[in-house]
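Since the structure comes first, as structure tokens, the remarks are kept for the end.
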Protein chains: 2
Amino acid sequence: MVDDVRWLSVEEQWSWRAYLRATRELDAALDRDLQCSGVSLPEYELLSMLSEADGSRLRMSTLAELIVQSRSRVTHTAARLEQRGWVRRTPAPDDRRGVVLELTDEGRAAIERFAVVHVRSVRRHLVDVLSPTQFHALGEAMQAVRVAYAADPTTPDRPAAPC
Amino acid sequence: MVDDVRWLSVEEQWSWRAYLRATRELDAALDRDLQCSGVSLPEYELLSMLSEADGSRLRMSTLAELIVQSRSRVTHTAARLEQRGWVRRTPAPDDRRGVVLELTDEGRAAIERFAVVHVRSVRRHLVDVLSPTQFHALGEAMQAVRVAYAADPTTPDRPAAPC
DNA sequence: GGGTCATAGTTGAAGCGTCAACTACCGGGT
DNA sequence: ACCCGGTAGTTGACGCTTCAACTATGACCC
């Protein structure tokens with residue numbers, strides 16, 4: 001197993017760097033646009049998933065998976081959102097360990113305001129700067145990444161950290 | 001200007017979600033793989049840029065732009081890396097305000113070890129799960145995002161936060 | 001050559017995220 | 001009934017990131 005490292009080719013390197021920098025810049029841009037109207041991107045994503053959920057309610061764990069955050073982080077984020085009155089914590093009916101997070105009316109009003117800002121931001125920085133074909137290809141590629149990631153046996157899901 | 005929001009179509013929404021989740025998962029996976037060998041992804045990126053630079057030395061600001069981090073963050077990150085003896089801070093020859101960060105020999109040895117881990121990680125989670133064509137298209141798309149971002153007049157570069 | 005504005009970088013406090021430890025509950029087996 | 005391993009969620013401490021304020025220098029211009 002000596003030096004069997006398959007380094008990236010020049011083209012691969014170029015694409016990888018473009019990916020890396022663009023994702024960082026995009027993330028920063030989307031977050032900045034939202035911050036200006038009063039939420040961070042992670043908070044927005046949480047509210048957004050809730051608002052789309054059936055009955056505007058989701059189990060903490062489900063939420064964590066949807067927005068790709070650790071359960072602990074969701075607890076903290078939800079706590080902050082609860083303080084602002086946008087979200088409410090209720091016990092799960094079927095599982096006494098569980099907690100269901102639900103959007104309050106103020107939460108719904110807030111997310112609707114933010115969504116306007118956010119969709120503009122996403123269009124401006126991403127969707128509208130690509131051709132429809134290009135954007136679709138991007139989606140397909142990223143979906144492939146997700147599928148591969150989920151299938152990877154040595155990547156035992158989120159909570160566990162195998163070192 | 002009433003309700004002129006162009007919401008995302010169902011397909012657009014799908015691609016956007018795929019992008020959002022995949023980037024999060026990828027970031028977490030790459031970071032986790034590196035953490036296991038002793039650096040975080042942000043730290044790795046800093047060292048990596050230094051190691052490729054002419055003379056293994058870069059100005060703080062240049063570094064900040066290359067790895068898409070705030071100057072303040074680079075200061076803190078560099079301080080941590082300096083404590084581990086991987087990096088050294090020297091005054092810039094031509095500008096007395098400036099600081100040049102340079103890789104130490106230990107730093108070089110370290111980054112070379114990490115690079116092996118990292119490139120495997122990048123291949124496993126991204127490059128090798130896409131066809132060459134698909135990966136190239138991804139690179140092109142992301143580059144387009146960067147170009148548009150850089151050209152955007154209302155996005156006055158990094159440091160400034162226009163609210 | 002002195003005012004003014006921009007740039008380079010640092011600092012420290014506050015906020016957010018991570019991690020490991022913890023409580024509580026579920027479910028299967030015996 | 002009990003034990004056991006697994007799942008749901010929380011907690012608090014620690015570490016990283018952000019933000020605003022600050023020093024110091026450069027650059028322009030009159």
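Quick note on labels: first sequence line is chain A, next is B, and so on, each numbered from 1.
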message: Looking only at the side chain of A:Arg89 (C-beta and beyond, no hydrogens), which of the listed nucleotides D:dG9, C:dT11, C:dT18 gets closest?
response: D:dG9
Proximity to DNA chain C (any heavy atom under 4.0 Å), residues of residues 37-47 of chain B only: none
message: Taking B:Glu106 first and then B:Arg84, would you say they form a salt bridge - that is, a charged N and a carboxylate O separated by under 4.0 Å?
response: no
Full working for side-chain contact (heavy atoms from CB on, under 4.5 Å) between B:Asp31 and B:Ser40: CA-CA 6 Å; B:Asp31 194 51; B:Ser40 69; 3.9 Å; yes
- prompt: If you measure from the Lys or Arg side-chain nitrogens to the Asp or Glu carboxylate oxygens, is any gap between B:Asp128 and B:Arg120 under 4.0 Å?
  reply: no
task: Would you mind reading off the distance between B:Leu81 atom CG and D:dC16 atom C1', rounded to a whole angstrom?
output: 13 Å
message: Determine whether A:Arg113 and A:Ser37 satisfy the following criterion, side chain to side chain donor-acceptor pair (under 3.5 Å), listing intermediate values before the conclusion.
response: CA-CA 9 Å; A:Arg113 277 185 285 112; A:Ser37 34; over 6 Å; no
task: Could you check if a side-chain atom of A:Arg108 sits within less than 4.5 angstrom of a side-chain atom of A:Ser51, using non-hydrogen atoms only?
output: yes
task: Could you check how far CD of A:Glu65 sits from P of D:dG9, rounded to whole Å?
output: 10 Å
- prompt: D:dT17 C1' sits how many Å from A:Asp27 CG, rounded?
  reply: 13 Å
message: With a 3.5 Å distance limit and no angle check, can you tell me whether B:Ser56 reaches the backbone of B:Leu103 through a side-chain donor-acceptor pair?
response: no
- request: Ignoring hydrogens and angles, answer whether the base of D:dG9 and the side-chain atoms of A:His76 contain a donor-acceptor pair closer than 3.5 Å.
  value: no
message: Assess whether a salt bridge exists between A:Arg24 and B:Asp27, defined as any Lys/Arg side-chain N lying under 4.0 Å from an Asp/Glu carboxylate O.
response: yes
- prompt: Which nucleotides of nucleotides 1-8 of chain C have their base under 4.0 Å from a protein heavy atom (B), which only their sugar-phosphate (S), and which neither (-), written as one string 5' to 3'?
  reply: ------BB
- prompt: Is A:Val147 reachable from B:Tyr19 through a run of I, L, V, M, F, W or Y residues, each pair having side-chain heavy atoms under 4.5 Å apart?
  reply: no
- line: Of A:Thr75 and B:Arg80, the one whose nearest nucleotide on DNA chain D sits closer to the 5' end is A:Thr75
message: Please tell me if B:Arg73 has a side-chain N or O lying less than 4.0 Å from either OP1 or OP2 of C:dG9.
response: no
message: Measure CG/A:Leu101 against P/D:dA8 and give the value in whole Å, please.
response: 16 Å
- request: May I ask you to verify whether the side chain of A:Ser72 and the base of C:dC19 hold a donor-acceptor pair under 3.5 Å?
  value: yes
- prompt: Does a nitrogen or oxygen in the side chain of B:Arg32 sit under 4.0 Å from OP1 or OP2 of C:dC19?
  reply: no
query: If you measure from the Lys or Arg side-chain nitrogens to the Asp or Glu carboxylate oxygens, is any gap between B:Arg73 and B:Glu45 under 4.0 Å?
result: no
statement: Here the distance between atom P of D:dT17 and atom CD of A:Gln35, to the nearest Å, is 16 Å
- prompt: Are B:Tyr149 and A:Trp14 connected in a single hydrophobic cluster, I mean Ile/Leu/Val/Met/Phe/Trp/Tyr linked by side-chain heavy atoms less than 4.5 Å apart?
  reply: no
- request: Rounded to 10°, tell me the angle between the two end axes of the helix from C:dG1-D:dC30 to C:dT30-D:dA1, each built from five pairs.
  value: 20°
message: Using whole Å, what does the distance between atom P of nucleotide C:dG9 and atom CD of B:Gln69 come to?
response: 14 Å
Atom-pair distance (CZ on A:Arg96; C1' on D:dT7), nearest Å: 15 Å
- line: So CG of B:Leu63 and CD of B:Gln69: to nearest 0.5 Å the spacing works out to 8.0 Å
- line: Comparing B:Thr77 with A:Ala92, nearest DNA chain D nucleotide closer to 5' gives the residue A:Ala92
message: Using 30° and 60° as the class boundaries, would you call the ring planes of A:His118 and B:Trp16 parallel, tilted or perpendicular?
response: tilted
